Amino acid sequence: MIRLRGITRSFGANRVLAGVDLDVGRGESVVVIGGSGSGKSVLVKCILGLVRPDAGSVLIDGAELRDRHARDAFLARAGVLFQGGALFDSLPVWQNVAFRFLRGPRALPRAQARALAVERLARVGLAADVADRLPAELSGGMQKRVGLARAIAADPEMIFFDEPTTGLDPIMSGVINTLIRSIQREIGATAITITHDMTSVRAIADRVAMLHDGVIRWTGTVAEMDATSDPYVAQFIRGAAEGPIRALR
Amino acid sequence: MNAAAPLATLGRATLAMLGAVGRFTIWLGQVLSHVLRPPFYAREFRNALMQIGYLSLPVVGLTALFTGGALALQIYAGSSRFDAQFAVPQIVAIGVVRELGPVMVGLMIAARVTSSIAAEIATMRVTEQIDALVTLSTHPLKYLAAPRVLAGVVVVPLLVAVGDILGILGGWLVAVTRLDFATHEYLQNTVDFLDATDITSSLVKGAAFGLIATATGCYAGMNAGRGAIGVGRATKSSVVMAAVMVLAANLLLTEMFFSR
């Protein structure tokens with residue numbers, strides 16, 4: 001279980017997170033929605049330890065991530081799909097996917113690591129011939145799928161998806177959403193996805209949380225989201241220019 | 001205008017510079033600690049040896065060859081004014097081994113290797129590849145910086161040795177083809193004149209310049225700003241910083257080895 005309490009983070013005078021509280025149950029898929037610049041990416045980076053919060057705590061299964069060792073242990077159980085894929089462009093696809101298994105404490109013989117990578121690529125719908133290509137030789141959708149294969153390579157207990165469908169056409173977005181949902185259910189992972197794509201929200205979420213003005217303003221299921229009277233959530237899901245959320249920021 | 005304003009500006013600039021030096025020193029200490037602590041990334045180390053060492057051989061070799069030849073011509077022209085042309089082999093040897101060899105190699109490495117390391121790592125930073133490394137339980141300093149810095153310290157002295165040999169060869173080629181020296185006499189004078197300190201200083205300078213060139217590239221890349229402009233600035237500042245530090249370190253090491 002992931003529990004966030006009072007996470008704050010400012011950049012200069014800009015207070016991006018102003019006390020975020022959020023609970024994500026084991027095996028649950030929570031999607032955090034919010035406008036561009038609302039701090040969704042910063043929130044996920046605070047959980048992953050890539051950005052240090054000014055205050056507040058991140059608890060995993062009740063234990064706070066206080067030091068490097070706790071964070072390392074947490075990251076060993078986590079997988080991350082980055083917005084732009086963040087594939088290592090000097091390495092072929094299979095070495096990206098099997099990165100954890102080519103070095104460090106979980107290193108496997110190369111042939112075994114490669115076989116594992118090919119199996120994970122198949123799981124995201126990519127053929128074995130992709131394995132030896134470089135990331136730059138792949139389309140955006142294929143890069144996302146390779147990123148997804150890398151995120152699930154070690155069967156993580158927790159997966160984080162940062163804008164998984166940004167920059168993809170609607171069909172490829174649908175493919176990625178379906179993959180994310182099916183893989184998350186298959187491996188029973190706890191998932192946090194950040195997005196402003198409502199199609200993704202409906203495809204992926206068990207529960208939705210809206211981040212606005214640095215705090216979680218609303219949480220509920222997709223059905224509750226569709227029926228909510230909260231003017232912020234209603235404006236966001238309608239994509240309306242008029243409403244309490246300023247369109248020009 | 002406040003009379004103390006220029007002093008305040010100078011003070012702020014000095015404090016900022018000392019702060020930057022302090023941050024770089026702490027960062028370098030962390031990298032060196034990663035060089036000594038497992039896990040070791042042998043594949044990345046081998047790749048760095050290839051990139052820094054083997055692939056720099058053509059530029060280093062040609063630079064040294066041409067510089068050695070030009071040096072022989074200049075020394076001949078200068079020494080002939082007081083009938084000391086016989087000293088060309090000795091002065092070329094001293095000049096190349098003590099100074100020009102290591103410095104030219106250091107500057108070439110700063111131009112070729114530092115810029116490439118800074119641009120590559122800065123691009124990794126702006127495309128979140130360094131964040132991805134962290135989430136894959138891999139320390140960026142250990143994976144990106146430690147192998148490159150170690151490879152620089154190991155391989156640049158070898159490049160300097162090659163540069164020294166080719167620099168002397170360049171001087172010899174010009175001396176025997178243009179200045180009427182005999183091969184045997186030229187090479188014998190060269191060998192007789194150089195001593196162990198000359199060669200040691202050359203190799204030590206190479207190791208120091210290798211450290212500077214790789215560390216500045218990694219540091220600038222890892223601290224790059226956002227976007228293409230961040231990559232550009234990191235690349236430019238790393239080359240400038242590396243070149244200035246190579247020349248400053250050269251002065252210090254020359255003072256250490258040869259001041260009487």
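The figures here come from the full heavy-atom set of this structure, side chains too, leaving out hydrogens, waters and symmetry mates. So that the names make sense, note that chain A is the first sequence line, chain B the second, and so on, each numbered from 1. These numbers come from a predicted model, not from an experiment.
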S.K.: Which label fits B/W27 and B/Y219: parallel for a plane angle under 30°, tilted from 30 to 60°, or perpendicular past 60°?
M.R.: perpendicular
S.K.: Give, as side chain, backbone, both or neither, the part of A/L102 having an atom under 4.5 angstrom from any heavy atom of chain B.
M.R.: neither
S.K.: Donor-acceptor pair, distance only, cut-off 3.5 Å: does the side chain of B/K142 make one with the backbone of B/R37?
M.R.: yes
S.K.: So which part of B/T127 gets closer than 4.5 Å to some heavy atom of chain A, the side chain, the backbone, both or neither?
M.R.: backbone
S.K.: Salt bridge check: are A/K40 and A/D162 linked by an N-O gap of less than 4.0 Å?
M.R.: no
S.K.: Which one of B/E128, B/Q129, B/E120 has the most heavy-atom pairs closer than 4.5 Å to chain A?
M.R.: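 Heavy-atom pair counts peak at B/Q129.
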S.K.: Given that the side chain runs from C-beta out, which part of A/F88 has a heavy atom under 4.5 Å from chain B: side chain, backbone, both or neither?
M.R.: both
S.K.: Heavy-atom distances under 4.5 Å only: say whether A/L91 touches chain B with side chain, backbone, both or neither.
M.R.: side chain
S.K.: Identify whether the distance between the nearest side-chain nitrogen and carboxylate oxygen of A/R181 and A/D206 falls below 4.0 Å.
M.R.: yes
S.K.: Is A/R106 close to chain B through its backbone or its side chain, or both, or neither, when contacts mean heavy atoms under 4.5 Å?
M.R.: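 Contact with chain B involves no heavy atom of A/R106 at all.
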S.K.: Taking only Lys NZ, Arg NE, NH1 and NH2, and the carboxylate oxygens of Asp or Glu, determine whether A/R5 and A/E64 approach each other closer than 4.0 Å.
M.R.: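 Not counted as a salt bridge, because no side-chain N and carboxylate O are separated by less than 4.0 Å.
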S.K.: Any side-chain donor paired with an acceptor under 3.5 Å for A/D54 and A/T8?
M.R.: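 No, A/T8 and A/D54 have no side-chain donor paired with an acceptor closer than 3.5 Å.
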S.K.: Report which part of B/F40 has an atom under 4.5 Å of a heavy atom belonging to chain A: side chain, backbone, both, or neither.
M.R.: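 It is neither, since no heavy atom gets under 4.5 Å.
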S.K.: Side chain, backbone, both or neither: which part of B/L133 has an atom under 4.5 Å from a heavy atom of chain A?
M.R.: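 Both parts, backbone and side chain.
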